[in-house]
Protein chains: 2
Amino acid sequence: MVVDDRLGTTFAALSDPTRRAMVERLSRGPASVHGLTEPFALSQQMISKHIAYLVRARLVTKTKRGRESICTLRPQAIKTVSDWAISYRQFWEESFDKLDEVVKRMKKEEVRDDKQHGE
Amino acid sequence: MVVDDRLGTTFAALSDPTRRAMVERLSRGPASVHGLTEPFALSQQMISKHIAYLVRARLVTKTKRGRESICTLRPQAIKTVSDWAISYRQFWEESFDKLDEVVKRMKKEEVRDDKQHGE
DNA sequence: AAAATACACTACCATATGGTTGTGGATGAT
DNA sequence: ATCATCCACAACCATATGGTAGTGTATTTT
């Protein structure tokens, strides 16, 4: 990554299925590193690494509580992704509209064909 | 990437600023490889590589037309990203609501403090 | 105090990716 | 026919990342 490409860092963090699963897990409430390790059949070190990526992408915050580190999902970062995608909404809706038009035109052609068959 | 992690491939493709810029460019209409090379001060080979990633992520389709390759943005893939993010909408809205509550509570405290000051 | 738990840090390896350079193959223009 | 244009393919390098193994440290439990 060039220099502080925030959105890029976020997308990179979300490109891994383990990390997306972690995000899903954390969307249902905070969890300790240990808690995040259990469901994944991965080493604690690897989980810590993945968490580090999520933290770097500002998708997660980590706070010490005794000997545990509690991970919390940050809503803002995910909203950023949503906002990015939604900025193309007009594009894809136009595209789908055009597709609809094509479909409608094809149906008209069919109707015409039917009429021709009928006449 | 493990095996055919489609959403992961999409996120990975979008993690690069050059590729996101290409997506932005293509959202305003199809373009040739040459057309995509011009604005980016990158070698044609590199642009072709980037396009290959976008194609692999099904974000772009490429069709030969004479000696040119025309690249077209596919709306579906971007909608997939949007759908993923929106599936967490409830999470972040709840979070922001909680934040609102905290803010409101703090304001109430302030009011109480004011009263105490007043009495 | 001793043992167990939760986590971090380091070193190491294989692979994917960003990027360059060089080249070759079609297609279009002259 | 020749030359320029558009693009793909291959080799190469540096770095980031996924993953493992080993160890150290602080906190809890006993």
Side-chain angles (χ1 to χ4, degrees), chain A residues 1-23 25-26 29-73, chain B residues 1-23 25-26 29-73:
Chain A
M1 229 141 298
V2 197
V3 273
D4 198 36
D5 174 18
R6 281 214 192 178
L7 189 54
T9 309
T10 306
F11 277 129
L14 293 173
S15 69
D16 185 88
T18 302
R19 289 195 289 261
R20 285 201 306 284
M22 286 170 140
V23 166
R25 165 69 189 79
L26 290 176
S32 66
V33 175
H34 181 70
L36 284 173
T37 305
E38 278 176 334
F40 289 116
L42 276 177
S43 66
Q44 170 257 315
Q45 291 92 324
M46 204 52 229
I47 296 290
S48 285
K49 265 198 186 180
H50 281 306
I51 293 175
Y53 291 131
L54 291 171
V55 169
R56 190 155 61 91
R58 295 164 210 273
L59 277 157
V60 165
T61 55
K62 234 170 52 175
T63 52
K64 269 265 173 190
R65 206 179 62 189
R67 67 180 164 184
E68 290 187 321
S69 273
I70 304 298
C71 302
T72 310
L73 188 59
Chain B
M1 230 140 301
V2 197
V3 272
D4 198 38
D5 174 19
R6 282 214 191 178
L7 189 54
T9 309
T10 305
F11 277 129
L14 293 173
S15 70
D16 184 88
T18 302
R19 289 195 290 259
R20 285 201 306 284
M22 287 170 139
V23 166
R25 165 67 189 81
L26 290 176
S32 67
V33 175
H34 181 70
L36 283 173
T37 305
E38 278 178 332
F40 289 117
L42 275 178
S43 65
Q44 168 259 316
Q45 291 90 328
M46 204 54 229
I47 296 291
S48 286
K49 267 198 186 181
H50 280 306
I51 294 175
Y53 291 130
L54 291 172
V55 169
R56 190 154 63 90
R58 296 163 210 272
L59 277 158
V60 166
T61 55
K62 235 170 52 175
T63 51
K64 269 265 171 190
R65 206 179 61 190
R67 66 180 164 181
E68 291 187 323
S69 273
I70 305 298
C71 302
T72 311
L73 189 58

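Side chains included, hydrogens not; waters and symmetry mates left out as well; all remaining heavy atoms used. Each chain gets a letter, A, B and so on, in the order its sequence line appears, and its residues count up from 1. Keep in mind the model is a prediction, meaning the values are calculated, not measured.
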- Query: From C:dT17, D:dG19, D:dT28, pick the nucleotide closest to the side chain of A:Arg67?
  - Reply: D:dT28

- Query: Can you tell me how far C1' of D:dC9 sits from NZ of B:Lys62, to the nearest Å?
  - Reply: 12 Å

- Query: CZ of A:Arg56 versus C1' of D:dG18: gap in Å, rounded?
  - Reply: 14 Å

- Phosphate OP1/OP2 of D:dA8: any B:Ser69 side-chain N/O under 4.0 Å: yes

- Task: Taking only the side-chain heavy atoms of B:His34 (C-beta and beyond), determine which of C:dC7, D:dC7, D:dG19 contains the nearest atom.
- Result: D:dC7

- Item | Pairwise side-chain contact, B:Arg20 with A:Phe11, heavy-atom cut-off 4.5 Å (strictly under) | yes

- Closest-nucleotide 5' rank along DNA chain C - winner of B:Tyr53 and B:Gln45: B:Tyr53

- Touch check for B:Ser32, heavy atoms < 4.0 angstrom, all strands: base, sugar-phosphate only, or nothing? sugar-phosphate

- Query: Are any non-hydrogen side-chain atoms of A:Leu26 and A:Leu59 less than 4.5 angstrom apart?
  - Reply: no

- Closer to the 5' end of DNA chain D via nearest nucleotide, is it A:Leu42 or A:Gly66? A:Leu42

- Task: May I ask you to say what A:Arg65 touches in the nucleic acid, namely base, sugar-phosphate or nothing, with a heavy-atom cut-off under 4.0 Å?
- Result: nothing

- Note on the structure: To the nearest angstrom, the CZ-C1' distance between A:Arg20 and D:dG18 comes to 15 Å

- A:Ile47 CD1 to D:dT20 P: how many Å, rounded? 10 Å

- Is the shortest heavy-atom distance from the side chain of B:Ile47 to the side chain of B:Met22 under 4.5 Å? yes

- Query: Do the side-chain N or O atoms of B:His50 get closer than 4.0 angstrom to the phosphate oxygens (OP1, OP2) of C:dT17?
  - Reply: no

- Separation of C:dG24 atom C1' from B:Gln44 atom CD, nearest Å, is 12 Å

- Message: To the nearest 0.5 Å, what is the distance between CZ on B:Arg67 and OG on B:Ser32?
- Response: 10.5 Å

- Query: For the pair made of NZ in B:Lys64 and P in C:dG25, what is the distance, rounded to whole Å?
  - Reply: 14 Å

- Task: To the nearest Å, give me how far apart CE (B:Met46) and P (D:dA8) are.
- Result: 14 Å

- Query: Base, sugar-phosphate alone, or nothing: which one does A:Glu68 contact when heavy atoms must sit under 4.0 Å apart?
  - Reply: sugar-phosphate

- For the pair A:Arg58 (side chain) and A:Thr10 (backbone), establish whether a donor and an acceptor sit closer than 3.5 Å, ignoring hydrogens and angles. no

- Rounded to whole Å, the NZ-C1' distance (B:Lys49 to C:dT21) equals 11 Å

